Amino acid sequence: MNKNEIVESLKDGLIVSCQAVPGEPHYMEGITVKFAECADWAGAAGLRVNSPEDIKAIKEKVNLPIVGIWKIVRNIKDVYLTPNLEAAKAVWEAGAEIIAVQATNHLRDDGKLSYETIKEIKENLPDALIFADIATAEDAKIAASYGADFVAPTLAGYTKAGHFNKVEIKDTPDFNLLRDIVDAVKGTMTKVIMEGKVSTPEIAVQCLYMGAHAVVVGNAITRPHITAKRFVRTLNRFHGE
(Lines give C-alpha, C1' and ligand atoms only; values in the text may rest on other atoms or scores of the structure.)
Protein backbone atom coordinates (compact mmCIF):
# COMPACT_ATOMS: atom_id res chain seq x y z
CA MET A 1 0.00 0.00 0.00
CA ASN A 2 1.09 3.56 -0.60
CA LYS A 3 0.94 6.20 2.12
CA ASN A 4 -2.61 7.33 1.36
CA GLU A 5 -3.84 3.75 1.26
CA ILE A 6 -2.29 3.04 4.64
CA VAL A 7 -3.93 6.12 6.16
CA GLU A 8 -7.32 5.07 4.80
CA SER A 9 -6.85 1.45 5.89
CA LEU A 10 -6.57 2.64 9.50
CA LYS A 11 -9.72 4.78 9.43
CA ASP A 12 -12.20 3.85 12.19
CA GLY A 13 -9.98 0.88 12.99
CA LEU A 14 -8.19 -0.73 15.89
CA ILE A 15 -4.42 -0.52 16.27
CA VAL A 16 -3.24 -3.09 18.80
CA SER A 17 -0.13 -2.27 20.81
CA CYS A 18 1.95 -5.45 20.93
CA GLN A 19 4.62 -4.83 23.54
CA ALA A 20 6.25 -6.68 26.41
CA VAL A 21 9.51 -6.10 28.22
CA PRO A 22 11.60 -8.22 30.58
CA GLY A 23 10.32 -7.96 34.14
CA GLU A 24 6.64 -7.98 33.22
CA PRO A 25 4.78 -11.13 34.33
CA HIS A 26 3.58 -11.95 30.82
CA TYR A 27 6.97 -11.53 29.16
CA MET A 28 8.38 -14.50 27.27
CA GLU A 29 10.24 -15.00 24.03
CA GLY A 30 7.93 -14.60 21.04
CA ILE A 31 5.00 -13.17 23.04
CA THR A 32 4.72 -10.00 20.92
CA VAL A 33 4.49 -12.07 17.73
CA LYS A 34 1.61 -14.02 19.26
CA PHE A 35 -0.07 -10.76 20.26
CA ALA A 36 0.23 -9.59 16.65
CA GLU A 37 -1.17 -12.84 15.27
CA CYS A 38 -4.13 -12.58 17.65
CA ALA A 39 -4.75 -8.98 16.57
CA ASP A 40 -4.60 -9.97 12.91
CA TRP A 41 -7.00 -12.87 13.49
CA ALA A 42 -9.42 -10.49 15.23
CA GLY A 43 -9.45 -8.05 12.31
CA ALA A 44 -7.29 -5.24 13.67
CA ALA A 45 -6.29 -2.52 11.21
CA GLY A 46 -2.73 -2.11 12.45
CA LEU A 47 -0.15 -2.77 15.14
CA ARG A 48 2.05 -0.67 17.40
CA VAL A 49 5.37 -2.36 18.08
CA ASN A 50 8.47 -1.42 20.08
CA SER A 51 12.06 -2.08 18.94
CA PRO A 52 13.52 -3.03 15.57
CA GLU A 53 13.85 -6.65 16.72
CA ASP A 54 10.14 -7.07 17.50
CA ILE A 55 9.10 -5.15 14.38
CA LYS A 56 11.15 -7.46 12.17
CA ALA A 57 9.89 -10.61 13.89
CA ILE A 58 6.26 -9.56 13.63
CA LYS A 59 6.57 -8.40 10.03
CA GLU A 60 7.68 -11.91 9.08
CA LYS A 61 4.40 -13.33 10.41
CA VAL A 62 1.73 -10.64 10.06
CA ASN A 63 0.97 -8.37 7.11
CA LEU A 64 -0.58 -5.38 8.87
CA PRO A 65 0.69 -1.78 8.90
CA ILE A 66 3.05 -1.30 11.83
CA VAL A 67 3.47 1.85 13.88
CA GLY A 68 7.08 1.29 14.90
CA ILE A 69 8.71 2.86 17.93
CA TRP A 70 11.95 2.41 19.78
CA LYS A 71 11.94 3.31 23.46
CA ILE A 72 15.53 4.18 24.35
CA VAL A 73 16.67 5.10 27.89
CA ARG A 74 13.08 5.32 29.07
CA ASN A 75 12.67 6.85 32.54
CA ILE A 76 16.19 8.23 32.26
CA LYS A 77 15.92 10.92 29.60
CA ASP A 78 13.05 13.27 28.79
CA VAL A 79 13.15 12.34 25.09
CA TYR A 80 13.17 8.56 24.86
CA LEU A 81 10.59 7.50 22.29
CA THR A 82 12.41 7.10 18.94
CA PRO A 83 14.51 10.05 20.09
CA ASN A 84 16.52 10.76 16.93
CA LEU A 85 16.87 10.11 13.21
CA GLU A 86 19.14 7.10 13.73
CA ALA A 87 16.49 5.37 15.84
CA ALA A 88 13.84 6.25 13.25
CA LYS A 89 15.95 4.73 10.47
CA ALA A 90 16.33 1.51 12.46
CA VAL A 91 12.55 1.31 12.94
CA TRP A 92 11.99 1.94 9.22
CA GLU A 93 14.57 -0.59 8.09
CA ALA A 94 13.02 -3.20 10.36
CA GLY A 95 9.80 -2.95 8.35
CA ALA A 96 7.53 -0.38 9.99
CA GLU A 97 5.46 1.66 7.54
CA ILE A 98 4.75 4.30 10.20
CA ILE A 99 7.42 5.74 12.50
CA ALA A 100 6.28 6.93 15.92
CA VAL A 101 8.40 9.69 17.45
CA GLN A 102 8.21 11.79 20.58
CA ALA A 103 6.91 15.27 19.84
CA THR A 104 6.85 17.15 23.12
CA ASN A 105 8.43 20.31 24.50
CA HIS A 106 11.60 18.51 25.60
CA LEU A 107 15.20 18.76 24.44
CA ARG A 108 17.04 15.95 22.69
CA ASP A 109 20.66 15.18 23.45
CA ASP A 110 21.72 17.60 20.71
CA GLY A 111 19.83 20.47 22.33
CA LYS A 112 17.03 20.58 19.76
CA LEU A 113 13.38 20.15 20.68
CA SER A 114 12.00 16.69 19.97
CA TYR A 115 9.67 18.05 17.27
CA GLU A 116 12.72 18.37 15.02
CA THR A 117 12.78 14.60 14.54
CA ILE A 118 9.62 14.92 12.43
CA LYS A 119 11.33 17.29 10.01
CA GLU A 120 14.42 15.07 9.82
CA ILE A 121 12.37 11.99 8.98
CA LYS A 122 10.48 13.84 6.26
CA GLU A 123 13.77 14.93 4.71
CA ASN A 124 15.58 11.59 4.97
CA LEU A 125 12.77 8.99 4.84
CA PRO A 126 10.13 10.60 2.60
CA ASP A 127 8.20 7.35 2.10
CA ALA A 128 7.57 6.93 5.83
CA LEU A 129 4.42 8.04 7.59
CA ILE A 130 5.04 9.88 10.86
CA PHE A 131 3.12 9.25 14.07
CA ALA A 132 3.75 11.97 16.65
CA ASP A 133 3.36 10.92 20.27
CA ILE A 134 2.35 14.10 22.07
CA ALA A 135 1.29 15.22 25.55
CA THR A 136 -0.76 18.37 24.95
CA ALA A 137 -2.91 20.04 22.34
CA GLU A 138 -0.10 22.54 21.77
CA ASP A 139 2.23 19.63 21.00
CA ALA A 140 -0.33 18.39 18.47
CA LYS A 141 -0.50 21.78 16.79
CA ILE A 142 3.29 22.00 16.51
CA ALA A 143 3.64 18.41 15.28
CA ALA A 144 1.01 19.07 12.60
CA SER A 145 2.87 22.19 11.49
CA TYR A 146 6.03 20.09 11.11
CA GLY A 147 4.14 17.66 8.88
CA ALA A 148 3.21 14.74 11.15
CA ASP A 149 0.68 12.43 9.52
CA PHE A 150 -0.79 11.37 12.87
CA VAL A 151 -0.85 12.72 16.40
CA ALA A 152 -1.78 10.76 19.52
CA PRO A 153 -1.82 11.77 23.21
CA THR A 154 0.35 8.79 24.13
CA LEU A 155 2.52 10.84 26.46
CA ALA A 156 -0.23 12.74 28.28
CA GLY A 157 0.50 12.33 31.96
CA TYR A 158 4.01 11.05 31.26
CA THR A 159 5.63 14.45 30.86
CA LYS A 160 5.77 17.56 33.03
CA ALA A 161 3.36 19.26 30.61
CA GLY A 162 0.86 16.39 30.65
CA HIS A 163 -2.75 17.23 31.45
CA PHE A 164 -3.17 14.73 34.27
CA ASN A 165 0.29 14.20 35.70
CA LYS A 166 -1.05 13.55 39.20
CA VAL A 167 -0.75 10.92 41.89
CA GLU A 168 -4.28 9.74 41.20
CA ILE A 169 -4.45 6.90 38.67
CA LYS A 170 -7.12 7.42 36.05
CA ASP A 171 -8.85 4.50 34.33
CA THR A 172 -10.66 6.52 31.67
CA PRO A 173 -9.40 8.53 28.68
CA ASP A 174 -8.94 12.28 28.87
CA PHE A 175 -11.81 13.17 26.56
CA ASN A 176 -11.22 16.89 27.08
CA LEU A 177 -7.69 16.48 25.78
CA LEU A 178 -8.95 14.49 22.80
CA ARG A 179 -11.38 17.30 21.99
CA ASP A 180 -8.60 19.89 22.25
CA ILE A 181 -6.28 17.87 20.01
CA VAL A 182 -8.96 17.45 17.36
CA ASP A 183 -9.50 21.22 17.44
CA ALA A 184 -5.74 21.90 17.35
CA VAL A 185 -5.17 20.05 14.05
CA LYS A 186 -8.42 21.08 12.39
CA GLY A 187 -7.78 22.32 8.87
CA THR A 188 -4.59 20.28 8.47
CA MET A 189 -3.94 16.88 6.89
CA THR A 190 -2.92 15.44 10.27
CA LYS A 191 -5.11 12.65 11.65
CA VAL A 192 -5.81 12.19 15.36
CA ILE A 193 -5.30 8.74 16.83
CA MET A 194 -6.64 8.20 20.33
CA GLU A 195 -4.27 6.33 22.61
CA GLY A 196 -4.47 6.01 26.37
CA LYS A 197 -7.02 4.28 28.62
CA VAL A 198 -9.19 3.04 25.74
CA SER A 199 -10.33 0.04 27.75
CA THR A 200 -13.64 -0.98 26.12
CA PRO A 201 -15.13 -1.11 22.61
CA GLU A 202 -17.70 1.46 23.70
CA ILE A 203 -14.99 3.94 24.68
CA ALA A 204 -13.26 3.29 21.34
CA VAL A 205 -16.45 4.17 19.44
CA GLN A 206 -16.90 7.31 21.53
CA CYS A 207 -13.39 8.40 20.53
CA LEU A 208 -14.28 7.95 16.85
CA TYR A 209 -17.42 10.04 17.31
CA MET A 210 -15.26 12.77 18.83
CA GLY A 211 -13.06 12.92 15.75
CA ALA A 212 -10.38 10.25 16.19
CA HIS A 213 -9.28 8.60 12.95
CA ALA A 214 -8.53 5.35 14.79
CA VAL A 215 -7.73 4.09 18.29
CA VAL A 216 -4.74 2.36 19.83
CA VAL A 217 -5.39 -0.22 22.53
CA GLY A 218 -2.64 -1.89 24.51
CA ASN A 219 -3.28 -2.56 28.20
CA ALA A 220 -6.81 -3.85 27.76
CA ILE A 221 -5.74 -6.41 25.16
CA THR A 222 -2.09 -7.31 25.50
CA ARG A 223 -1.23 -6.56 29.14
CA PRO A 224 -3.50 -8.80 31.22
CA HIS A 225 -1.77 -7.91 34.48
CA ILE A 226 -2.67 -4.24 33.95
CA THR A 227 -6.28 -5.11 33.11
CA ALA A 228 -6.47 -7.26 36.25
CA LYS A 229 -5.06 -4.39 38.29
CA ARG A 230 -7.76 -2.08 36.97
CA PHE A 231 -10.44 -4.50 38.17
CA VAL A 232 -8.77 -4.83 41.58
CA ARG A 233 -8.45 -1.05 41.92
CA THR A 234 -12.12 -0.53 41.09
CA LEU A 235 -13.28 -3.24 43.48
CA ASN A 236 -11.13 -1.77 46.23
CA ARG A 237 -12.86 1.56 45.73
CA PHE A 238 -16.17 -0.23 46.22
CA HIS A 239 -14.90 -1.25 49.64
CA GLY A 240 -13.77 2.27 50.33
CA GLU A 241 -10.06 1.53 50.16
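None of the values given here were measured: they were computed from a predicted structure.
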Checklist entry - Pairs in or reaching into residues 19-29: which pass salt bridge (charged side-chain N to carboxylate O under 4.0 Å, His left out), with residues at least two apart or in two chains? => result Glu24-Arg223
Next on the checklist: Strictly by salt bridge (charged side-chain N to carboxylate O under 4.0 Å, His left out), give each pair with a member in residues 31-59 just once, sequence neighbours left out.
Outcome noted: Lys34-Glu37, Arg48-Asp133, Arg48-Glu195, Lys56-Glu60, Lys59-Glu97
Next on the checklist: Taking atom CE as the centre, does Met1 end up with more than 12 heavy-atom neighbours from other residues, nucleotides or ligands that are less than 6.0 angstrom away?
Outcome noted: yes
Item to check | Greater than 12 external heavy atoms within 6.0 Å of Asn63's CG | outcome: no
Value rounded to 0.5 Å, distance of [atom1] in [X] from [atom2] in [Y]:
X      : Y      : atom1 : atom2 : value
Leu14  : Leu47  : CG    : CG    : 9.0 Å
Thr234 : Lys229 : OG1   : NZ    : 11.0 Å
His106 : Ser114 : NE2   : OG    : 8.0 Å
Leu208 : Met194 : CG    : CE    : 11.0 Å
Ile142 : Asn105 : CD1   : CG    : 6.5 Å

Where the side chain of [X] meets the backbone of [Y], is there a donor-acceptor pair that is under 3.5 Å apart?
X      : Y      : result
Thr117 : Asn84  : no
Thr104 : Ile134 : no
His213 : Val7   : yes
Asp149 : Ile130 : yes
Ser17  : Thr222 : no
Gln19  : Ser51  : no

Next on the checklist: With side chain to side chain contact (heavy atoms under 4.5 Å, CB included) as the criterion, how do Asn124 and Trp92 come out once you've worked through the C-alpha distance, each side chain's angles and the decisive distance to 0.1 Å?
Outcome noted: CA-CA 11 Å; Asn124 291 274; Trp92 175 253; over 6 Å; no
Item to check | Criterion side chain to side chain contact (heavy atoms under 4.5 Å, CB included) on Ile99 and Leu129, from CA distance to verdict | outcome: CA-CA 6 Å; Ile99 303 173; Leu129 288 161; over 6 Å; no
Is any side-chain heavy atom of [Y] closer than 4.5 Å to one of [X]?
X      : Y      : result
Lys77  : Asp109 : yes
Glu86  : Lys89  : no
Ile193 : Val151 : no
Thr227 : Arg230 : yes
Phe150 : Val192 : no

So which heavy atom on [X] is nearest to which on [Y], and how close?
X      : Y      : value
Leu10  : Ala214 : O-CB, 3.2 Å
Cys207 : Phe175 : SG-CE2, 4.0 Å
Gly68  : Ile55  : CA-CD1, 3.7 Å
Val67  : Ala100 : CG1-CB, 3.8 Å
Thr32  : Ala20  : CG2-N, 3.8 Å

Next on the checklist: Taking Phe131 as the starting point, is it possible to reach Ile58 by hopping between hydrophobic residues whose side chains are less than 4.5 Å apart?
Outcome noted: no
Next on the checklist: When you compare the side chains of Glu138 and Thr136, does any donor N or O come within less than 3.5 Å of an acceptor on the partner?
Outcome noted: no
Item to check | Polar side chain donor-acceptor pair, Tyr146 to Glu116, under 3.5 angstrom | outcome: yes
Next on the checklist: Using side chain to side chain contact (heavy atoms under 4.5 Å, CB included), reason through Val79 and Leu81 one step at a time and then give a plain yes or no.
Outcome noted: CA-CA 6 Å; Val79 180; Leu81 206 161; over 6 Å; no
Next on the checklist: Quick one, Leu85 with Ile121, criterion side chain to side chain contact (heavy atoms under 4.5 Å, CB included). Give me CA distance, side-chain angles, the key distance, then yes/no.
Outcome noted: CA-CA 6 Å; Leu85 179 61; Ile121 293 173; 4.3 Å; yes
